[in-house]
Amino acid sequence: MNLGKILFATVSSGLILINSAMGAAISAVGATASSSYSSGFLPTNAIDSNNGSRWSSIVGPSSDPSWIMIDLGGLYSLETVTIDWERASRDYTLRISSDLSAPSPTTNLAAWTTIATVTGQNEPNQGSGTPDETFNFINGTFTDNSGTGVTSADVTSGAPSARYLLLYGTSRSSIYGHSIYEIKSTGSAVPEPTTTVLVVLATAWATTRRRNRTNDTTSTLC
Ligand SMILES: [Ca+2]
Ligand SMILES: [Ca+2]
C-alpha cells in the first residue's frame with residue numbers, strides 16, 4: 001500500500017479512509033528569489049503559466065549561488081517537478097520544506113531537505129515551452145529532455161510532503177544568470193494533522209457533554 005495515496009477524513013463516528021486520485025497540477029501561489037536581473041525578470045514570472053516570461057538572477061560572478069523559492073500554497077505529496085530553462089544552472093539542487101513559516105533558504109538550512117541533485121548540465125538557450133527536465137518523486141527518476149553533460153542526478157522517491165519548493169543553483173555555464181521560464185509541479189494535497197486532531201477532540205467533547213446532559217436534568221448548559 002502506498003500511504004502517500006491515502007487521505008484520512010474524520011466523521012463523528014470515527015475515522016474513514018479515502019483513496020485519493022493521482023496528483024494534479026499544483027497552482028503555486030508565490031515565488032521569491034535571491035535576486036532578479038530587473039523588474040522584467042521577477043521570480044513570479046517562473047510560475048505564471050506564460051512560456052514567454054521568465055525569472056533571471058543577476059548577471060556576473062556574484063550570481064552563484066542563486067535560488068528561487070516557490071510557495072505551493074499548502075502541504076502536498078510532491079509527485080513531479082518540471083523545469084523549462086532559459087539559462088540553465090549547471091549544478092543545482094531541488095529542496096523542499098513542510099515548515100509553514102516560510103523558512104529562509106540561507107539562514108534556516110535545517111528546515112530544508114534536498115530531494116534532487118543535478119551536476120554538469122550544459123543546456124542551450126531555448127524557451128521551447130516544453131520541459132527541459134522532469135523529476136518524478138514517486139519512483140525517484142530523472143528525465144533530461146534537452147541539453148547534454150549531466151554527470152549525475154540523484155532523485156528522492158516516495159512523494160515527500162512539501163509546502164515550499166526551492167531550486168538552489170550553484171554554478172552556470174555562462175556569465176548570464178540562472179533563468180527559468182516555468183517551473184511546475186504536481187501532487188496530492190495533504191490534510192494538516194492538527195485539523196484532524198482538533199476534530200476528534202471536539203467530537204469526543206461533544207459526546208461527553210451530551211451524555212452528561214442526559215443524566216443531569218438540572219444542567220443549564222445548552
Ligand atoms: Ca513564465
Ligand atoms: Ca536538460
Side-chain angles (χ1 to χ4, degrees), residues 2 4-5 20-34 43-51 53-57 65-99 102-103 105 111-121 123 126-147 150-172 178-190:
N2 184 349
K5 297 301 174 191
S20 69
M22 285 293 291
I26 300 172
S27 297
V29 299
T32 55
S34 52
T44 49
N45 288 355
I47 59 167
D48 64 358
S49 299
N50 179 347
N51 293 329
S53 64
R54 61 185 171 91
W55 162 71
S56 178
S57 64
S66 287
W67 52 263
I68 181 169
M69 174 177 162
I70 312 295
D71 183 356
L72 302 178
L75 199 59
Y76 286 88
S77 291
L78 189 63
E79 298 187 354
T80 67
V81 170
T82 59
I83 305 171
D84 183 12
W85 293 101
E86 194 265 348
R87 297 276 180 179
S89 305
R90 182 167 54 195
D91 303 316
Y92 68 97
T93 59
L94 293 178
R95 307 175 188 180
I96 56 172
S97 179
S98 57
D99 186 333
W112 295 93
T113 301
T114 298
I115 57 172
T117 303
V118 175
T119 59
Q121 171 167 236
E123 184 85 40
Q126 297 185 88
S128 61
T130 57
D132 296 319
E133 276 121 57
T134 300
F135 298 84
N136 185 317
F137 295 108
I138 300 175
N139 53 28
T141 58
F142 170 78
T143 304
D144 196 13
N145 301 311
S146 67
V150 172
T151 54
S152 67
D154 297 322
V155 182
T156 295
S157 62
S161 295
R163 164 67 187 263
Y164 297 94
L165 173 65
L166 178 71
L167 185 149
Y168 196 94
T170 52
S171 72
R172 297 153 295 145
H178 304 259
S179 183
I180 294 174
Y181 282 102
E182 287 292 312
I183 180 167
K184 297 179 181 297
S185 54
T186 65
S188 302
V190 176

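- With values rounded to the nearest 0.5 angstrom, I26 atom CD1 is found 6.5 Å from T186 atom OG1.
- For M69 against P103, the heavy-atom pair with the smallest separation is CE-O, 3.6 Å.
- Remark: side-chain polar atoms of D91 are paired, donor with acceptor, to backbone N or O of G120 under 3.5 angstrom.
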| said: If you apply the rule side chain to side chain contact (heavy atoms under 4.5 Å, CB included), what do you find for T170 with R90, and how did you get there? | reply: CA-CA 8 Å; T170 52; R90 182 167 54 195; over 6 Å; no
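- Considering every non-hydrogen atom in both V29 and G73, the closest pair reads CG2-CA, 3.5 Å.
- Listed by chain and number, the residues in a side-chain contact (heavy atoms from CB on, under 4.5 Å) with A25 amount to none (sequence neighbours excluded).
- Rounded to the nearest 0.5 angstrom, L165 CG and W112 CH2 are separated by 8.0 Å.
- In this structure, the separation between CD on E123 and CD on E133 is 5.5 Å, given to the nearest 0.5 Å.
- Scanning both residues, P65 and Y168, for their nearest heavy atoms gives CG-OH, 3.4 Å.
- Of the options R172, R54, R87, a side chain to side chain donor-acceptor pair (under 3.5 Å) to S179 is made by R54 and by none of the others.
- In this structure, the side chain of S57 engages the main chain of H178 through a donor-acceptor pair within 3.5 Å.
- Between F142 and F135, the ring-plane angle classifies as tilted under the 30° and 60° cut-offs.
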May I have the list of side-chain donor-acceptor pairs in residues 152-162 shorter than 3.5 Å, sequence neighbours left out?
| from | atom 1 | to | atom 2 | distance (Å) |
| --- | --- | --- | --- | --- |
| S152 | OG | T119 | OG1 | 2.7 |
| T156 | OG1 | I115 | O | 3.3 |

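- Checked by atom type and distance alone, the side chain of S34 pairs as donor or acceptor with a backbone atom of W67 at under 3.5 Å.
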| field | Verdict with reasoning, T134 to N145, per side chain to side chain contact (heavy atoms under 4.5 Å, CB included) | value | CA-CA 8 Å; T134 300; N145 301 311; 3.4 Å; yes
| request: Show your working on side chain to side chain contact (heavy atoms under 4.5 Å, CB included) between N51 and Y181 and close with a plain yes or no. | output: CA-CA 6 Å; N51 293 329; Y181 282 102; 5.7 Å; no
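- Scanning all heavy atoms of the two residues, the minimum distance from E79 to G23 falls at OE1-N, 3.2 Å.
- Judged as a ring pair (Phe, Tyr, Trp, His ring centres under 6.0 Å), and not counting sequence neighbours, W55 has no contacts.
- A distance of 11.5 Å separates OG in S98 from CG in L72, rounded to the nearest 0.5 Å.
- Atom CD1 of I183 is separated from atom CG of D132 by 11.5 Å, given to the nearest 0.5 angstrom.
- Comment: R163 does not engage D99 in a salt bridge, judged by the lack of any side-chain N to carboxylate O separation of less than 4.0 angstrom.
- Looking at T143 and N136, their side chains never come closer than 4.5 Å, going by heavy atoms from C-beta outward.
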| said: If you apply the rule side chain to side chain contact (heavy atoms under 4.5 Å, CB included), what do you find for F137 with I96, and how did you get there? | reply: CA-CA 12 Å; F137 295 108; I96 56 172; over 6 Å; no
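- Here the CG-CG distance, from D71 to L166, works out to 12.5 Å after rounding to the nearest 0.5 Å.
- Scanning both residues, W85 and A88, for their nearest heavy atoms gives CE3-CA, 3.2 Å.
- In terms of heavy atoms, G129 sits closest to D84 at N-OD2, 3.2 Å.
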